[in-house]
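Structure, as structure tokens:
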Amino acid sequence: MRAVHRFTVLAHLPEPLRALGTLATNLRWSWHPPTQDLFAAVDPELWSATGGDPLRLLNEVPADRLRVLAEDEDFLARTRAVDDDLRRYLAVPRWYQQRQDEGAELPGSVAYFSMEFGLTEALPNYSGGLGVLAGDHLKSASDLGVPMIGVGLLYRSGYFRQSLSAEGWQVEHYPVLDPRGLALETVTGPSGQALLVRVAMPEGRTLLARIWKAQVGRVPLLLLDSDLPGNDDDLRGTTDRLYGGDADHRVRQEILAGIGGMRAVRAYCELTGHPQPEVFHTNEGHAGFLGLERVRELQDEQDLQFDPAVAAVRAGMVFTTHTPVPAGIDRFPVDLVRHYFGDGSQQSLLPGVPTDRVLALGAEDNPGMFNMAHMGLRLAQRANGVSELHGKVIRKMFSGLWPGFGTEEIPISSVTNGVHGPTWSARELGKLLGESEMDSGAGLRGMEPVSDALLWELRCSLRQRLVEHVRRRLREAWLQRGASDLELGWCDSVFDPEVLTIGFARRVPTYKRATLMLRDTDRLRQLLLDSQRPVQIVVAGKSHPADEGGKAMIQKIVKFADRADVRHRLVFLPDYDMSMARYLVSGCDVWLNNPVRPLEACGTSGMKAALNGALNLSVRDGWWDEMFDGHNGWAIPNADGVTDPNRRDDLESAALYELITEHVAPAFYERNTDGVPGKWMSMVRHTLATLGPRVHSSRMVRDYVDNHYGPAACSVRGVSADGYRGAKELADYRARLHAAWSRVRVDSTEMSVDEHGPLLGSRVTVRAEVELAGLDPSDVDVEVVVGRVDDSDELYDFVAESMAASGDGRYQAEVTLPHAGPAGYTVRVLPQHRSLSGPAELGRVVLAS
Ligand SMILES: *Cc1c(COP(=O)(O)O)cnc(C)c1O
């Protein structure tokens, strides 16, 4: 019999236990061990049966047990203590407030938009790294006291759950989540009715969404949900799945996340008195339509024209991109976008916002496509990649938007990702090292007194716990594949708690090369079965449902792991999620990563492993390129420049086998007289001490505050003061520039050198005549650029200096020659305005020809 409706009955807590309800619904429990211990004490068996989910625990615990606890003075005292601790956590001033007291100009609040949020396995609303990063961002913002609101969608089936067929093929399940059983509350209006967000759809329809709120420590997270009877079936399914549909489904999700999300933020702040955000951060470009909704607001409420409105919006937008390749960019057919935006009339998606201007913001080389990343860059004054290497790669990738500039001048910076320490480091380790939420990321103080022997013992117990987890999950996986319990006795002896353990777990797109280790299966078999120095490998990861290649890779691994001779040393565990990730990153000795460089924008699982004292064994890509120092792990040599992918994989896999055989395994198995691997532990210690503070997401959030949010708040105040005078001036300036620019010219240039010729370090004078085409000299900066030249006369390693105007378009500067050898110079004209973040911002430059 199938239920016609599903609903969840919420436990009624006895009065003395009411605080448990608050503690269960603020997700801070997910990174606060004392709160977890309190819930475990309610009913230890049920706690582990629910996978450590406080809300499910409270819903399932027998009423009798609650009555007993309500009279247990010890338990009540403990509950009060934990509750007081949460109140303090929510109220006391933190790092952000300290920065404000020191006089830093910071936004009153920041809205953070993302299509997925991975906060805890108890709220499965993420697919992988991007979502977990967003979750860690909110948690660190909370720890640091950053006034932030998260915004996203709530998916009825989240991402899929993975199992395997008997043949090792990935099978997807989409269990339906009931939001009422999750740590969410409906945002309601003054009279108690659910607050609804409305977004106009074509043909006069309206998409309705309700708002769920998850509380992440101090940070509210608003999640929009279209599953309402007021929507017709087709619109109702908008938030059914994460990354599940076609372009039409996806653009609708992104319209809801951006435009609906913006409306949800406005309504929530109005209702609760939460300060309205000044700065808007988009985690990837998916929610980028939010910028257009803000344009509409400014047109309607401040009576601005489109251009000044865009200028005002840009000032407060921060755009983070995670994609290192053009193929990864989110794009839609232009006609589809036009279909949704309509004609700008009163009934359309954004009344009064001209659709042709919208389409121009997403323009790219292909006139038929609308490019979300290009719109992101055009609507944000500040943009960044997620590691230093990724920054370099995307400055080149997007250089077409800034023609005429050197790649290092492209105004896209980088903020290296991080991971939330209290979420990802094993609690035993935090305790041993004296780390707490308040000083997390401040470095592992108090570590010196911990002996190698004690630290090793801890590492061994974490490995032991992983081995037990592997055995349990492997047995479950085989039962699902159709095996019977009787034939699964061998599962109890897979893995050995004494053996060097390597982990590899992540999504399975082709570039991550999950099967690189299988390149030479004989060689791999030798490594696994070595009589002196064996290794064991645990692999996990989901493939996107539409990616047959990824599923074939999983099958290849599973088939190998099924072989009777190696199955005790290599396992594939289905259904990778945050819970499994915690076992893996804390229990593995070595964390393996072998993407095709430079396709891993950052990668974060290796950071989680490092926080637990695991050593990274990775291609120098993403974060590892900037943080590998020769003592904190190993760099797999990469065959840069080899274009044949087969040969590259041969070379890199051979290098991987050799590294493990010659370096990794010997270091692990070389023991002191007390059985402790001395060299290994010195690397572990070095990793904990030096990587700990750098990979922590509190470092990342502080970087965003200091380098992006703070400066953006200043820009916003600059353009919005005095009835948006700055925005109007900037728009006027841009229009003036636009009208004149094609006629601006550098007419002549000359360099005068003294009789000794150009010498390194000598001063030379450069003169130029410039046609300003009616612009005022103060509208532009004229620069001389001097540097090295390559064979085709391209300048590189250059320095640029402003030239002084001496009237009549004449300019002059004295420069010092910076390099010996082939050199060159040119003169260029750049826009100059106090509201621009830099000379390259508008992508306009006139070069001497
Ligand atoms: C950390 C994490 C990821 C991201 O791993 P990468 O190394 O960036 O690929 C993906 N999935 C889960 C469940 C994670 O916890």
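Source: prediction; values computed, not measured. Counting starts at 1 for both ligands and their atoms, following the listed order.
- For Glu172 and Arg241, the salt-bridge test fails: no basic side-chain N is under 4.0 Å from an acidic carboxylate O.
- Arg472 and Glu468 are not joined by a salt bridge, as no carboxylate oxygen comes within less than 4.0 angstrom of a charged side-chain nitrogen.
- Protein residues lining ligand 1, listed by chain and number: Gly128, Gly129, Val132, Trp424, Arg506, Lys512, Tyr576, Asp577, Met578, Ala581, Gly603, Thr604, Ser605, Lys608 [non-hydrogen atoms, distance under 4.0 Å].
- Salt bridge status for Asp225 with Arg156: present, with a side-chain N to carboxylate O gap under 4.0 Å.
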Next on the checklist: Using salt bridge (Lys or Arg N to Asp or Glu O under 4.0 Å), reason through Asp547 and Lys551 one step at a time and then give a plain yes or no.
Outcome noted: CA-CA 6 Å; Asp547 179 7; Lys551 292 190 207 178; over 6 Å; no
Item to check | His420/Trp31 under ring-ring contact (aromatic ring centres under 6.0 Å, His included): CA gap, chis, key distance, verdict | outcome: CA-CA 9 Å; His420 186 243; Trp31 71 94; 5.3 Å; yes
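- Electrostatic pairing of Asp143 and Arg218 does not count as a salt bridge here, judged by no charged N lying under 4.0 Å from a carboxylate O.
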